[in-house]
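Throughout, residue positions are numbered sequentially from 1 according to the sequence presented. Both counts, for ligands and for their atoms, begin at 1 and track the order of listing. Worth knowing before you read on, the calculation uses all heavy atoms, side chains too, and leaves out hydrogens, waters and symmetry mates.
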Amino acid sequence: MPDANGKAGAPPVFRLVVLASGTGSNLQAILDRLHGRDGIEVAGVGSDRPDAKALDRALEAGVETATFPRDDFPDRETRDLAMADWIDSLDTDLVVLAGFMALLTPPFISRFRNRIVNVHPSLLPLFPGLDAIGQALEAGAAETGVTVHFVDEGTDTGPVIAQQAIPIRSGVEREELEAEIHAVEHQLFPEAIGMVARGEVRIAEDDPGRVIIERGG
Ligand code: GRF
């Protein structure tokens, strides 16, 4: 019988599109840990920055890329519409924000409701927005961490899928803490995406702000 992809006998594939603006170390972790394994494929990598190193990593892995610089479009809505159409043309199951620095407009977010995930370098709801690591250091916090969450219209406010705390040692250099946070991101983000791909993550019916994890589901 044909499966969801229309191919007789072929197992279904869970397709990711990753959006990234910068270095793409999280994209690399996703390519290394998930791409081409257990029915998960990175179908495309998109960026608002044509010079993003993330695009080189995608090409190296043989993954399709596309760029959507803000200046190529009359406004953000039009840019997001073009990006959303490209994402849908790849039969995407999940949109992954891996250091994507452009704000997404509400029509984009509602088109992919509960199908966009983000990684943020703090224990949300603490330190949302820009420079979360600097915010934690500035506040003299004893710990910070990493959060993977679904994206809603707020700034880093969507339902949390996974979190891991990281202690902030007294006198730690920013670079050192950044490296520790990145190392945790590179584990936690692919793990959380894998859980979503396996259908282990769902939004609570009685509370759209809460995630229920059903391992092995
Ligand atoms: C990560 O620290 C992530 O938490 C934040 O942006 C950064 C992206 O880094 N959202 P990279 O481009 O994946 O190396």
Side-chain angles (χ1 to χ4, degrees), residues 16-35 40 42 44-61 63 65-70 80 83 94-104 108-109 112 115-139 141 143-168 172-196:
L16 312 175
V17 162
V18 181
L19 300 181
S21 302
T23 315
S25 68
N26 280 284
L27 165 66
Q28 193 63 56
I30 291 163
L31 289 167
D32 293 345
R33 289 166 194 260
L34 296 176
H35 181 50
I40 301 173
V42 178
V45 172
S47 185
D48 56 328
R49 300 275 311 258
D51 60 346
K53 182 152 185 260
L55 294 169
D56 299 333
R57 297 181 191 269
L59 291 173
E60 181 75 18
V63 171
T65 63
T67 55
F68 302 90
R70 169 68 187 81
D80 284 4
M83 201 159 63
L94 189 70
V95 180
V96 175
L97 306 185
F100 188 63
M101 298 310 287
L103 283 178
L104 293 165
F108 182 98
I109 290 166
F112 299 104
R115 292 198 296 133
I116 311 173
V117 292
N118 182 45
V119 64
H120 185 78
S122 79
L123 283 182
L124 290 171
L126 292 175
F127 314 125
L130 289 176
D131 193 20
I133 299 173
Q135 290 184 56
L137 287 169
E138 182 74 13
E143 65 170 16
T144 185
V146 172
T147 302
V148 180
H149 64 96
F150 285 115
V151 171
D152 66 11
E153 285 77 0
T155 302
D156 302 319
T157 52
V160 170
I161 301 168
Q163 286 190 306
Q164 190 170 321
I166 299 166
I168 303 181
V172 70
E173 295 291 332
R174 185 192 164 109
E175 291 67 35
E176 211 181 329
L177 180 59
E178 249 169 26
E180 288 171 28
I181 287 176
H182 272 117
V184 170
E185 287 181 344
H186 299 162
Q187 292 276 349
L188 194 69
F189 203 17
E191 257 172 47
I193 294 166
M195 281 160 49
V196 175

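- Taking every non-hydrogen atom of Thr23 and a distance limit under 4.0 Å, the qualifying atoms of ligand 1 come out as 12 (O), 14 (O).
- Of all the heavy atoms in Phe100 and Leu19, the pair that sits closest is CB-O, 3.5 Å.
- Proximity of Val45 to Val17: side-chain heavy atoms (C-beta onward) are nowhere separated by under 4.5 Å.
- Using a 4.5 Å heavy-atom cutoff, the side chains of His149 and Val117 are not in contact.
- Atom 10 (N) of ligand 1 has its closest protein heavy atom at Val119 O, 3.0 Å.
- With Ile133, Asn26, Val18, Leu27 as candidates, the residue nearest to atom 13 (O) of ligand 1 on a non-hydrogen basis is Asn26.
- In the vicinity of Pro121, heavy-atom distances shorter than 4.0 Å reach the ligand 1 atoms 4 (O).
- Of all protein heavy atoms, the one lying nearest to atom 7 (C) of ligand 1 is Gly99 CA, 4.2 Å.
- For atom 12 (O) of ligand 1, the closest heavy atom belonging to the protein is Gly24 N, 2.8 Å.
- Between Leu104 and Met83, the closest side-chain pair of non-hydrogen atoms falls below 4.5 Å.
- Pairs of residues two or more places apart, or lying in two chains, that qualify as salt bridge (charged side-chain N to carboxylate O under 4.0 Å, His left out) and include a residue from residues 121-131 are Asp131-Arg174.
- By the 4.5 Å heavy-atom criterion applied to side chains, Glu143 and Leu123 are counted as neighbours.
- The heavy atom nearest to atom 11 (P) of ligand 1, considering only Ala20, Ala54, Ala52, Ser25, is found in Ser25.
- Contact annotation: His182 has at least one heavy atom less than 4.0 Å from an atom of ligand 1.
- For atom 3 (C) of ligand 1, the closest non-hydrogen atom of the protein is Glu185 OE2, 3.3 Å.
- A donor-acceptor distance shorter than 3.5 angstrom exists from the side chain of Gln135 to the backbone of Pro128, with no hydrogens or angles considered.
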